[in-house]
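Here the structure is a predicted model, which is why all the values come from computation and not from measurement. Chain identifiers are assigned alphabetically (A, B, ...) following the order of the sequence lines, protein sequences preceding nucleic acid strands; residue numbering begins at 1 within each chain.
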Amino acid sequence: DAKTTQPNSMESNEEEPVHLPCNHSTISGTDYIHWYRQLPSQGPEYVIHGLTSNVNNRMASLAIAEDRKSSTLILHRATLRDAAVYYCIPPSGGGADGLTFGKGTHLIIQP
Amino acid sequence: EPEVTQTPSHQVTQMGQEVILRCVPISNHLYFYWYRQILGQKVEFLVSFYNNEISEKSEIFDDQFSVERPDGSNFTLKIRSTKLEDSAMYFCASNAFDGLAKNIQYFGAGTRLSVL
């Protein structure tokens with residue numbers, strides 16, 4: 001099974017960009033990379049996902065390395081509301097598969 | 001925006017009692033899930049449900065647990081005889097699963113279960 005590796009925690013200042021890395025060297029060519037986050041006292045929340053090329057949505061951008069062994073979640077201007085645990089999720093098979101949450105990266109935003 | 005709703009937000013029960021946690025998934029979704037998160041620990045998958053039957057379940061989901069979709073909107077998790085170690089946040093999720101490119105799970109805010 002593919003696994004992901006993330007730093008335990010990162011700290012950034014408000015209104016600065018944040019780059020959250022994830023290593024997933026064992027994923028296969030057809031595996032999507034998903035990111036979720038969990039705000040304090042809330043359920044996990046989908047952030048973004050991608051396959052090969054870089055992806056953007058209203059929450060974040062996802063930069064995927066050319067060899068697909070790593071990816072970086074980019075928050076362009078972090079706010080205090082972005083303080084959360086960010087999870088890079090190993091690929092699941094189909095809709096029946098549960099998501100495997102690791103410890104994620106605890107993002108601390110300083111005002 | 002459609003959302004997954006869970007009730008109650010907090011459930012307190014005595015050890016050995018049965019509890020039912022309730023969820024209303026997003027209406028056009030096909031797959032439903034339960035997860036739990038013990039305080040300070042990782043979110044753990046319990047079970048997935050599709051087409052009115054369990055699709056996958058983890059080792060945690062033993063005979064004390066059951067799931068049901070009693071009508072077209074609700075999805076429930078029953079714990080038959082609660083133990084102290086069942087105290088946790090329980091999250092429901094749903095997924096439209098329109099192919100791997102759209103394999104996204106949407107989570108509810110959770111039910112905090114406290115077993116005394």
Side-chain angles (χ1 to χ4, degrees), chain A residues 1-6 8-9 24 27-60 62 64 68 73 84-106, chain B residues 1-6 9-10 21 23 25-26 29-51 53-61 67 88-112:
Chain A
D1 291 345
K3 294 190 190 305
T4 62
T5 306
Q6 300 177 252
N8 287 333
S9 66
H24 35 74
I27 67 169
S28 76
T30 56
D31 287 337
Y32 280 80
I33 299 149
H34 286 75
W35 284 79
Y36 285 73
R37 72 180 184 180
Q38 188 173 21
L39 301 170
S41 302
Q42 295 192 29
E45 175 186 30
Y46 164 77
V47 178
I48 200 166
H49 72 293
L51 183 61
T52 54
S53 55
N54 296 342
V55 184
N56 300 293
N57 66 19
R58 63 178 177 81
M59 290 180 72
L62 180 61
I64 302 170
R68 294 189 8 100
L73 180 72
V85 180
Y86 286 79
Y87 302 99
C88 172
I89 301 289
S92 58
D97 290 357
L99 301 177
T100 301
F101 289 85
K103 293 183 180 178
T105 296
H106 183 200
Chain B
E1 189 172 317
E3 60 180 18
V4 175
T5 55
Q6 291 186 242
S9 57
H10 189 191
L21 309 183
C23 169
I26 295 172
H29 283 190
L30 303 176
Y31 287 88
F32 314 111
Y33 314 82
W34 284 101
Y35 293 80
R36 79 171 186 192
Q37 186 174 32
I38 295 170
L39 186 64
Q41 297 189 25
K42 296 185 284 189
V43 177
E44 301 172 289
F45 167 72
L46 293 178
V47 65
S48 62
F49 192 86
Y50 170 75
N51 201 25
E53 60 183 24
I54 290 174
S55 297
E56 301 283 345
K57 59 183 181 178
S58 71
E59 292 176 353
I60 303 167
F61 194 87
V67 289
M89 281 292 288
Y90 287 81
F91 296 109
C92 174
S94 69
N95 182 356
F97 192 65
D98 188 15
L100 287 177
K102 295 186 180 179
N103 187 10
I104 298 167
Q105 296 186 20
Y106 295 86
F107 287 77
T111 292
R112 177 172 301 283

Do you know the tightest heavy-atom contact between A:Cys88 and A:Ile33?
SG-CG2, 4.4 Å

Scored by heavy-atom pairs under 4.5 Å with chain A, the best of B:Gln105, B:Gln6, B:Met89, B:Lys57 is B:Gln105

Identify which part of B:Phe107 has an atom lying under 4.5 Å from any heavy atom of chain A, answering side chain, backbone, both or neither.
both

N/O donor-acceptor pairs under 3.5 Å from side chains in residues 37-44 of chain B, not counting sequence neighbours:
| from | atom 1 | to | atom 2 | distance (Å) |
| --- | --- | --- | --- | --- |
| B:Gln37 | OE1 | A:Gln38 | NE2 | 2.8 |
| B:Gln37 | NE2 | A:Gln38 | OE1 | 3.3 |
| B:Gln37 | NE2 | B:Gln41 | O | 3.0 |
| B:Glu44 | OE1 | B:Arg36 | NE | 3.1 |

Interatomic distance, B:Phe61 atom CZ to B:Ile54 atom CD1 [nearest 0.5 angstrom]
4.0 Å

Salt bridge (charged side-chain N to carboxylate O under 4.0 Å, His left out) pairs touching residues 85-99 of chain A, sequence neighbours excluded, are none

Is chain A contacted by the side chain of B:Tyr35, its backbone, both, or neither, given a heavy-atom distance below 4.5 Å?
side chain

Minimal non-hydrogen separation, A:Val47 against A:Asn57, with atom names:
O-ND2, 2.7 Å

What residue in A:Gly98, A:Gly102, A:Gly43, A:Pro44 has the most heavy-atom pairs under 4.5 Å with chain B?
A:Pro44

Side chain / backbone / both / neither for B:Phe91 at chain A, heavy atoms under 4.5 Å:
side chain

